[in-house]
Amino acid sequence: MIVTTKKLFEHAYGKYAIGAYNINNAEQIIGLFKGNIKSQAPFIVQISKGARSYTSTIMLEGLIRSADAMFPEAIFAVHLDHGDEKTCYDCIESGFYSSVMIDASSESYEENVAISKRIADAAHAKGLVVEAELGQLGGVEEHVSVSESEAKLTDPDSVKDFVSKTNVDSLAVAIGTSHGAFKFSGSQSLHFDVLAEIQKRVPGFPLVMHGSSSVPQDEVARINAAGGNLKGAKGVDDNQFKRAAELGVTKINIDTDGRLVWTRVHREYFLEHPENFDLRPIGKVFMEEYANFIAAKNEKLGSAGQLESVRKFLS
Ligand code: G3H
Ligand code: 13P
Ligand code: ZN
């Protein structure tokens, strides 16, 4: 069942965070649904601009609708990740998405306010909800590359003004995380002090943490042992998710860790089976491993076991 994040966030606020997982293909989608059912968690299917163009929006939408039919127990939102203004309008008009992110964080404060407000107005008119971003994460994502020195933590003093002027429904905040597999080079770390200040300014308002992959070191070691080269990869300690949730974070974005599962599974499999050229045996292993990864992550987020309570809350 596709829902907006509004009620999901109300249910989660202060207690746990909901996993927002980026997907691109059938194997990821099936693994995602299986893992969330296995751990009895509500979740957010997160679609980037790159994912929309990888196969096509029609294909991706069809795969998600099919997964919804295959797993009727599932409760999830369909969310555009890091949208620009045009892509947000496309998704709002599509009738399929329940939530969009407008990422105008690289613009000036005034421009960010103006663009985010336009999207919030358009989305609300169609019953969708909107996430905006204030401050700037480090790392690379599709249309923006931000170096560590350029990354800007969210200024708690501007949060209330931003939220009231834009009327957005949730806010991605920069508290020291960054996108990709190489976080916390140099002296970066999570700034819970900043998060606590933000929560004080907007109590009860849902916050979002991007760049939250944990980049497990055993996963990195296995990838490197099977021919990979990810030296120095490092992520967020997922034991910190619950603390973030207590401070108002209701959505935690994870993409890189899923890519690492894919890389490890395929590298190891083809190293062990050099004679094989069939995509299905390894596809099956990946779906299973991806489902296990999602279920384990939901335990860390605290969303595991919440599905029936969410269902009652929604009814
Ligand atoms: O924050 C960005 C996500 O990791 C999506 O990555 O744009 O390469 O699909 P992508
Ligand atoms: P990671 O690169 O840490 O997985 O972050 C993903 C993300 O923030 C997607 O919006
Ligand atoms: Zn992100």
Side-chain angles (χ1 to χ4, degrees), residues 5 17-25 28-29 32 43-57 59-60 77-84 87-88 91 97 99-106 130-146 148 151-154 170-185 188-190 207-217 219-220 223 230 232-238 240-241 244 249-264 290 293-294 296-298 300-301:
T5 48
I18 298 165
Y21 299 103
N22 290 71
I23 49 82
N24 297 271
N25 64 11
Q28 272 186 317
I29 291 170
L32 176 67
F43 61 104
I44 298 168
V45 178
Q46 189 152 265
I47 302 171
S48 70
K49 253 184 91 179
R52 282 163 57 83
S53 61
Y54 170 56
T55 50
S56 72
T57 53
M59 175 64 80
L60 208 51
V78 179
H79 175 76
L80 169 69
D81 189 30
H82 292 287
D84 53 29
T87 312
C88 281
C91 294
Y97 288 70
S99 168
V100 294
M101 176 191 187
I102 174 68
D103 183 355
S105 60
S106 57
V130 175
E131 172 187 330
E133 179 168 330
L134 187 60
Q136 263 195 294
L137 267 70
V140 181
E141 62 200 56
E142 199 178 16
H143 61 292
V144 202
S145 169
V146 185
E148 208 173 302
K152 275 199 307 284
L153 297 187
T154 304
S170 63
L171 188 67
V173 291
I175 57 160
T177 62
S178 58
H179 291 107
F182 298 89
K183 309 183 201 298
F184 308 121
S185 55
Q188 277 180 292
S189 64
L190 283 190
L207 304 172
V208 178
M209 218 165 87
H210 282 243
S212 299
S213 279
S214 58
V215 191
Q217 291 305 294
E219 198 79 305
V220 173
I223 290 170
L230 295 178
K234 207 170 162 199
V236 174
D237 177 0
D238 51 15
Q240 298 193 311
F241 288 171
V249 171
T250 53
K251 172 175 178 274
I252 292 192
N253 285 15
I254 296 162
D255 182 7
T256 296
D257 282 350
R259 296 180 183 201
L260 294 177
V261 174
W262 186 92
T263 305
R264 184 252 303 164
Y290 194 70
F293 151 74
I294 296 286
K297 204 54 104 175
N298 290 340
K300 298 285 184 184
L301 293 162

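Both counts, for ligands and for their atoms, begin at 1 and track the order of listing. Heavy-atom basis, side chains included; hydrogens, waters and symmetry copies ignored.
Backbone and side-chain nitrogen or oxygen atoms of Ile254 are examined, and none is located within less than 3.5 angstrom of a nitrogen or oxygen of ligand 2. Considering backbone and side-chain atoms together, His179 places an N or O closer than 3.5 Å to an N or O of ligand 1.
For the pair Ser214/Lys297, a side-chain contact is recorded, criterion being any heavy-atom separation below 4.5 Å from C-beta on. Ile175 places none of its side-chain heavy atoms less than 4.5 Å from the side chain of Leu207. Residues Val215 and Asp257 meet the side-chain proximity criterion, which asks for heavy atoms closer than 4.5 Å. Proximity of Gln240 to Met209: side-chain heavy atoms (C-beta onward) are nowhere separated by under 4.5 Å. Between Gln46 and Met101 there is no side-chain heavy-atom pair separated by less than 4.5 Å. Taking the side chain as every heavy atom from C-beta outward, Asn24 and Trp262 never approach each other to under 4.5 Å. Put simply, the side chain of Cys91 reaches to within 4.5 Å of the side chain of Arg52, judged on heavy atoms. Inter-residue side-chain proximity for Thr177 and Leu190 is flagged as met; some heavy-atom pair is nearer than 4.5 Å.
Those atoms of ligand 2 with a heavy atom of His82 less than 4.0 angstrom away are 10 (O). Those atoms of ligand 1 with a heavy atom of Asp81 less than 4.0 angstrom away are 1 (O), 2 (C), 3 (C).
With a heavy-atom cut-off of 4.0 Å, Asn22 touches ligand 2 through its side chain alone. The proximity of Ser212 to ligand 2, defined as any non-hydrogen pair under 4.0 Å, is limited to the backbone. When heavy-atom distances to ligand 1 are checked against a 4.0 Å cut-off, His210 has no atom that comes that close, whether in backbone or side chain. Proximity of Met101 to ligand 1, defined as any heavy-atom pair under 4.0 Å, is not found for any part of the residue. By the criterion of a heavy-atom distance under 4.0 Å, neither the backbone nor the side chain of Asn24 is placed next to ligand 1.
The Zn ion (ligand 3) lies at the vertex of an angle of 120° between the ND1 atom of His210 and the NE2 atom of His179 (rounded to 10°).
Proximity of Arg52 to ligand 1 is not established, as no heavy-atom distance is less than 4.0 Å. Distances from ligand 2 to the non-hydrogen atoms of Gln46 include at least one value under 4.0 Å.
Nearest protein heavy-atom neighbour of atom 2 (O) of ligand 2: Thr256 OG1, 2.6 Å. What sits closest to atom 10 (O) of ligand 2 on the protein, heavy atoms only, is Asp81 OD2, 2.7 Å. Here the heavy atom of the protein found nearest to atom 8 (O) of ligand 2 is Gly211 N, 2.8 Å. Looking only at heavy atoms of the protein, atom 7 (C) of ligand 2 is closest to His179 CD2, 3.4 Å. Nearest protein heavy-atom contact of atom 3 (O) of ligand 2 is Lys183 NZ, 2.5 Å.
The nearest pair of heavy atoms linking Ser99 to His79 is OG-ND1, 2.7 Å.
When the heavy atoms of Ser48, Ser53, Gly258 are ranked by distance to atom 9 (O) of ligand 1, first place goes to Ser48.
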Could you walk me through whether Ile47 and Ile23 pass the side chain to side chain contact (heavy atoms under 4.5 Å, CB included) test, one step at a time? CA-CA 6 Å; Ile47 302 171; Ile23 49 82; 4.1 Å; yes
